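Because the structure is a prediction, the values reported are computed rather than measured. Read the numbers this way: they start at 1 and go in the same order the structure lists the ligands and their atoms.
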Amino acid sequence: MIKMNLQYAHVSDAFAGYQAEVSKYHHQIIDKTGLGNDFLGWYTLPFDYDKAEFELVKKLAKDIREKAEVFIVCGIGGSYLGSRAAIEMVQGIFPKRDVEVYFVGNTFSSTYILQLMDKIKDKSVYVNVISKSGTTTETAIAFRLFEQFLVEKYGVEGSRERIIATTDKAKGTLKNLATQKGYQTLSIPDDVGGRYSVLTSVGLLPIAVAGLDIDAMMQGARDAAETHKSELIEENPAYQYAVSRRILEAKGKNIELFVAYETQLSMLAEWWKQLFGESEGKEDKGLFPASVNFSTDLHSMGQFVQEGSKDLFETLILVEKPNLDRAFPSDADDYDNMNYLAGKTLDEVNKNAALGTLQAHHDEGGIPNILITLPDMSAYSFGYLAQFMFIACGMSVYLLGVNPFNQPGVEVYKKNMFRLLGKK
Ligand code: PA5
């Protein structure tokens with residue numbers, strides 16, 4: 001399913017030296033004895049997820065798809081990036097869909113929030129507020145605004161059936177609010193942290209409302225979990241990726257550049273950056289995760305990658321089969337001199353750009369490349385890739401010696417912001 005090609009990364013010779021450590025952490029993941037062991041639920045989630053809740057998600061999604069024109073997802077970080085990444089990956093940037101899906105609660109930008117509110121004011125609107133902690137300020141601000149928007153539009157009773165709160169099953173401000181107001185709730189398992197939660201109700205409801213096949217997505221995740229259960233690096237591509245990152249870091253590569261050649265993978269890159277960045281950037285350690293969307297960004301960042309400082313490597317996600325493709329047309333006059341492409345498909349051009357760039361960056365620029373190939377951009381492939389990345393990330397961060405499942409540094413800006421805003 002996922003094909004790893006490490007020939008341009010020059011790491012395989014060093015794998016053996018990591019096997020003992022990988023085996024140790026492999027057992028810590030399975031036995032749930034590693035750092036942050038209360039948050040290792042994602043490892044078995046594709047098998048032991050709450051089936052009743054999953055059916056409830058499908059039922060809610062069906063109702064919403066019948067009644068809504070607009071579905072607002074209100075959440076930040078792990079509470080929105082996964083669903084947005086999945087939806088865009090599978091459906092593209094200009095999907096034909098009965099329900100428009102918009103994301104709020106991920107910014108304080110007043111223009112963004114108010115412009116959206118104005119845009120949807122005459123539509124049938126449902127809101128899914130998502131927060132594991134239940135206290136995140138960006139989310140709480142947007143939710144209060146959209147909750148009042150619904151109350152003004154539909155009254156208290158009418159708005160109640162249009163709001164779904166996804167949060168902790170027992171505690172937190174959002175849970176209390178939802179209970180008080182009688183909102184439908186979905187819950188996030190205790191042992192799955194925000195950035196590992198796309199395969200829980202956090203991601204499932206928005207993804208299902210958008211019309212993706214969440215059964216296929218979970219099947220993909222299960223197959224990835226099965227395929228990547230060996231402790232042996234040579235048998236486990238997720239561990240190969242995990243170890244390759246550490247080997248490249250040891251060679252002085254401090255930046256990992258996630259590269260995709262499909263515009264619809266831009267949010268996947270954002271999701272990936274959060275997963276790896278928030279999991280490993282602590283205790284003065286970690287690779288800085290950056291992303292580019294080629295060939296677009298070859299015209300902005302290509303120069304730097306080719307000839308700039310040599311402290312980065314690329315992780316290139318290639319997709320074998322695009323959602324859509326067509327042959328480039330011939331033109332009788334050929335004033336633009338483009339007839340040399342006539343008959344080739346647009347995707348062939350894209351693939352050749354990828355190959356040419358790989359050769360330029362690796363052969364001439366000296367940039368190591370980890371190549372990950374996906375067959376397509378289906379819901380199944382998203383589920384598979386998500387589980388692959390969780391396994392790779394958990395292992396890679398354990399190899400760094402830090403807890404992959406906390407994010408203590410995120411609190412610092414909040415403390416300052418609350419002080420400045422006079423929060424008691
Ligand atoms: O990975 C994480 O835990 C975080 O990035 C959270 O997803 C993010 O901060 C949002 O938190 P919450 O869901 O509690 O609102």
**OP:** Answer yes if a protein heavy atom lies under 4.0 Å from atom 15 (O) of ligand 1, otherwise answer no.
**Re:** yes
Checking a contact table here: which protein heavy atom is nearest [atom], and how many Å away?
atom                    : value
atom 8 (C) of ligand 1  : Ile76 O, 3.7 Å
atom 11 (O) of ligand 1 : Thr136 OG1, 3.6 Å
atom 4 (C) of ligand 1  : Glu278 OE1, 3.4 Å
atom 5 (O) of ligand 1  : Gln274 NE2, 2.6 Å
atom 3 (O) of ligand 1  : Gly194 N, 3.4 Å
atom 6 (C) of ligand 1  : Gly78 N, 3.9 Å

**OP:** May I ask you to list the atoms of ligand 1 that are less than 4.0 angstrom from any heavy atom of Ser131?
**Re:** 12 (P), 13 (O), 14 (O), 15 (O)
**OP:** Number the atoms of ligand 1 from 1 as they appear, then name those within less than 4.0 Å of a heavy atom of Ser133, with their elements.
**Re:**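 Those of ligand 1 that fall under 4.0 Å from Ser133 are 12 (P), 14 (O), 15 (O).
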Does [X] come within less than 4.0 Å of [Y], counting only side-chain N to carboxylate O?
X      : Y      : answer
Lys62  : Glu66  : yes
Glu100 : Lys123 : yes
Glu55  : Lys58  : yes
Glu157 : Arg160 : yes
Arg222 : Glu226 : no

**OP:** Scan Asp191, Val192, Leu40 and name whichever one has a side chain to side chain contact (heavy atoms under 4.5 Å, CB included) with Phe405.
**Re:**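 Of the listed residues Asp191, Val192, Leu40, the side chain to side chain contact (heavy atoms under 4.5 Å, CB included) partner of Phe405 is Leu40.
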**OP:** Please confirm whether Lys51 makes a cation-pi placement over Tyr49, using NZ or CZ under 6.0 Å from the six-membered ring centre and within 45° of the ring normal.
**Re:**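 Relative to the ring axis of Tyr49, which defines the angle, Lys51 lies inside both limits.
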